[in-house]
Amino acid sequence: MPEPAAPIKPNPIDADALLAWYDRHAREMPWRVAPADKVAGERPDPYRVWLSEVMLQQTTVVTVRRYFEDFTNRWPTVADLAAAPREEVLAAWAGLGYYARARNLHACAQAVVADHGGAFPTSAEGLKTLPGIGAYTSAAIAAICFDEQVAVVDGNVERVVARLTRLSDPVRNAKPLIGEIVGEAVPERAGDFAQAMMDLGATICAPKSANCLVCPLRPGCAGAAAGDALDFPVAPPKKKRPARVGHAYVLERPDGAIWLRRRADKGMLAEMTEVPGSAWTDDQEAPDFPMDTEWREAGEVEHVFTHFSLRLTVWQARAGEEPPGEGWWSKPGALSREALPTLYKKVLKSAGIDVKPPRL
DNA sequence: AACACGGGGAC
DNA sequence: GTCCCAGTGTT
């Protein structure tokens with residue numbers, strides 16, 4: 001009696017079909033080398049790919065473009081970035097969010113220079129040892145720059161695979177399975193394949209629309225066959241966002257300079273610049289002004305973070321002298337070069353102080 | 001495994 | 001308002 005054949009479960013990702021689609025529809029980006037140019041021998045610059053990938057962590061392409069432009073103009077190589085003062089890097093990052101990325105970016109550039117002779121490691125394994133480079137980013141750089149045949153799994157790829165397989169588990173429980181499916185399908189053109197999967201997720205297999213009629217992976221897609229692709233991936237239960245409140249104090253010198261200080265090394269907006277303020281609490285407390293002078297209320301600011309929302313009452317005063325504690329005066333023209341997160345740009349705006357965009 | 005960690009664009 | 005984005009590090 002013959003052994004029953006092992007059940008054949010064909011991989012739903014047809015790499016050839018996907019690459020053929022990518023050759024015609026690849027998105028153009030400043031850090032990318034187009035498929036035709038790669039054929040001609042052009043290679044991506046690991047520095048630019050790394051910078052873009054870090055900026056793109058939990059951040060949209062539209063938002064990243066101008067920051068990428070600004071960073072590469074100011075710091076064309078990893079050595080330039082490594083040599084830059086920390087405050088300048090944080091200031092250039094201001095507004096992009098997730099500021100641990102900027103701190104790790106700077107540390108990573110310095111590690112590449114100090115420990116790797118100024119060249120990025122060429123394997124995912126080596127890249128992953130660097131600060132700010134995790135499972136996704138290490139695989140992405142290795143695939144895109146060096147065509148290492150590794151699974152590159154980001155939010156786009158998770159969504160695509162979840163629909164291809166009608167994955168019943170929430171994605172966070174199914175990461176290994178997704179990585180396995182993608183890993184089996186990676187062809188020699190690993191970099192183009194990785195970018196093709198992400199382009200597919202960004203343009204055709206998008207979060208709220210699935211244009212299955214033009215999808216190159218439609219023949220193997222269980223979600224398309226069942227007509228319920230949009231029901232995947234299954235969303236985990238959502239938790240609610242607590243509300244916090246506090247005060248912010250805008251101290252203005254007669255010449256218009258604003259009193260600023262540096263935030264703590266850890267926690268929210270670590271190492272970034274702020275105006276003085278109270279703690280952020282569950283219930284509003286009385287203001288604890290940083291110095292004894294005539295304070296007037298200058299509006300309220302609402303700001304939403306990932307895991308809580310914040311409402312700050314803004315107070316404003318004129319000052320002839322410095323308040324106690326560490327800090328510095330920043331003149332109006334210099335404010336745009338401070339490492340001010342969006343929250344504090346809102347605070348200053350509420351006090352009638354408009355911080356000009358930091359870049360052109 | 002769960003949570004901390006920003007901000008903005010699309011709907 | 002909601003969703004979610006080319007995720008990483010910490011606990």
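Order of the sequence lines sets the chain letters (A, B, ...), proteins ahead of strands, with each chain counted from 1.
Considering only residues two or more places apart in sequence or on other chains, A:Asp255 meets the salt bridge (Lys or Arg N to Asp or Glu O under 4.0 Å) condition with A:Arg253. Remark: A:Asp37 pairs with no residue by the salt bridge (Lys or Arg N to Asp or Glu O under 4.0 Å) rule, at least two apart or across chains. Residues satisfying the salt bridge (Lys or Arg N to Asp or Glu O under 4.0 Å) criterion with A:Glu285, sequence neighbours excluded, are absent altogether. The salt bridge (Lys or Arg N to Asp or Glu O under 4.0 Å) search around A:Asp265 returns A:Arg262, not counting sequence neighbours. Not counting sequence neighbours, the partners of A:Phe308 by the ring pair (Phe, Tyr, Trp, His ring centres under 6.0 Å) test are A:Phe305.
Taken residue by residue, residues 45-60 of chain A places heavy atoms nearer than 4.0 Å to DNA chain B at A:Gln58, A:Thr59. Of the residues in residues 121-142 of chain A, those with a non-hydrogen atom less than 4.0 angstrom from any atom of DNA chain C are A:Pro131, A:Gly132, A:Ile133, A:Gly134, A:Ala135, A:Tyr136, A:Thr137. Contact check of residues 267-282 of chain A against DNA chain B (heavy atom, cut-off under 4.0 Å) returns A:Gly267, A:Met268, A:Leu269.
Residue A:Thr313 holds its OG1 atom at 5.5 Å from NE2 of A:His247, rounded to the nearest 0.5 Å. Rounding to the nearest 0.5 angstrom, the gap separating the CG atom in A:Leu19 from the CG atom in A:Asp16 is 6.5 Å.
The distance from atom CG of A:Asp154 to atom C1' of C:dA6 is 4 Å, rounded to the nearest whole Å. One atom, OH of A:Tyr98, and another, P of C:dT10, lie 16 Å apart when rounded to the nearest Å. Note: CD (A:Glu302) to C1' (C:dG1) measures 13 Å, nearest angstrom. For the pair A:Arg103 CZ and C:dT10 P, the interatomic distance rounds to 10 Å; values are reported in whole Å. Spacing between atom NZ of A:Lys208 and atom C1' of C:dG1 amounts to 12 Å, rounded to whole angstrom units. In this structure, the OH atom of A:Tyr99 is 19 Å from the P atom of C:dG9, given to the nearest Å. Separating the CZ atom of A:Arg27 from the P atom of C:dA6 is a distance of 7 Å, rounded to the nearest angstrom. Look at CE on A:Met198: it is 17 Å from C1' on C:dC4, rounded to the nearest Å.
Ring centroid separation for the pair A:Trp93 and A:Phe71 comes in under the 6.0 Å cut-off.
For the P atoms, the distance linking B:dA10 with C:dA6 amounts to 12 Å, nearest Å. When the P atom is used for both B:dG6 and C:dT10, the distance is 14 Å, rounded to whole Å. Separating the P atom of B:dC5 from that of C:dC4 is a span of 22 Å, rounded to the nearest Å.
At a threshold of 4.0 angstrom between heavy atoms, the contacts of A:Arg32 include nucleobase atoms, whether or not backbone atoms are also involved. Within the nucleic acid shown, A:Met29 comes within 4.0 Å of at least one base atom, counting heavy atoms only. Contact annotation for A:Gly201: no contact, since no heavy-atom pair falls under 4.0 Å across all strands.
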When the side chains of residues 221-230 of chain A are checked against the rest of the protein, which donor-acceptor pairs come out under 3.5 Å, sequence neighbours left out?
{"from": "A:Asp228", "atom 1": "OD1", "to": "A:Arg166", "atom 2": "NE", "distance (Å)": "3.1"}
{"from": "A:Asp228", "atom 1": "OD2", "to": "A:Arg166", "atom 2": "NE", "distance (Å)": "3.3"}
{"from": "A:Asp228", "atom 1": "OD2", "to": "A:Arg166", "atom 2": "NH2", "distance (Å)": "2.4"}

Show me the donor-acceptor pairs within less than 3.5 Å that the side chains of residues 291-299 of chain A make with the rest of the protein, sequence neighbours left out.
{"from": "A:Trp295", "atom 1": "NE1", "to": "A:Met291", "atom 2": "O", "distance (Å)": "3.0"}
{"from": "A:Arg296", "atom 1": "NH2", "to": "A:Gln316", "atom 2": "OE1", "distance (Å)": "2.9"}

Enumerate donor-acceptor pairs with a distance under 3.5 Å from any side-chain N or O in residues 202-212 of chain A to protein atoms, sequence neighbours excluded.
{"from": "A:Thr203", "atom 1": "OG1", "to": "A:Asp199", "atom 2": "O", "distance (Å)": "2.7"}

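Note that the first and last nucleotides of DNA chain B, 5' to 3', having any atom under 4.0 angstrom from a heavy atom of chain A are B:dA4 to B:dG8.
A salt bridge between A:Lys38 and A:Asp147 is present, with a side-chain N of the basic residue lying under 4.0 Å from a carboxylate O of the acidic one. Under the 4.0 Å criterion applied to side-chain N and carboxylate O atoms, A:Glu274 and A:Arg263 are assigned as salt-bridge partners.
Residue A:Asn173 is the one, among A:Thr63 and A:Asn173, whose nearest nucleotide of DNA chain B lies closer to the 5' end (criterion: closest heavy atom). Both A:Glu158 and A:Lys266 lie near DNA chain C, and the one whose nearest nucleotide falls closer to the 5' end is A:Glu158.
When the side-chain nitrogen and oxygen atoms of A:Lys238 are compared with OP1 and OP2 of C:dC3, one or more of them lie within a distance under 4.0 Å.
Using a 4.5 Å cut-off on side-chain heavy atoms (C-beta onward), A:Tyr344 and A:Thr273 make no contact.
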Exercise. Can you list the steps and then say if A:Arg311 with A:His303 is a side-chain contact (heavy atoms from CB on, under 4.5 Å)?
Worked result: CA-CA 6 Å; A:Arg311 189 183 72 250; A:His303 196 71; over 6 Å; no
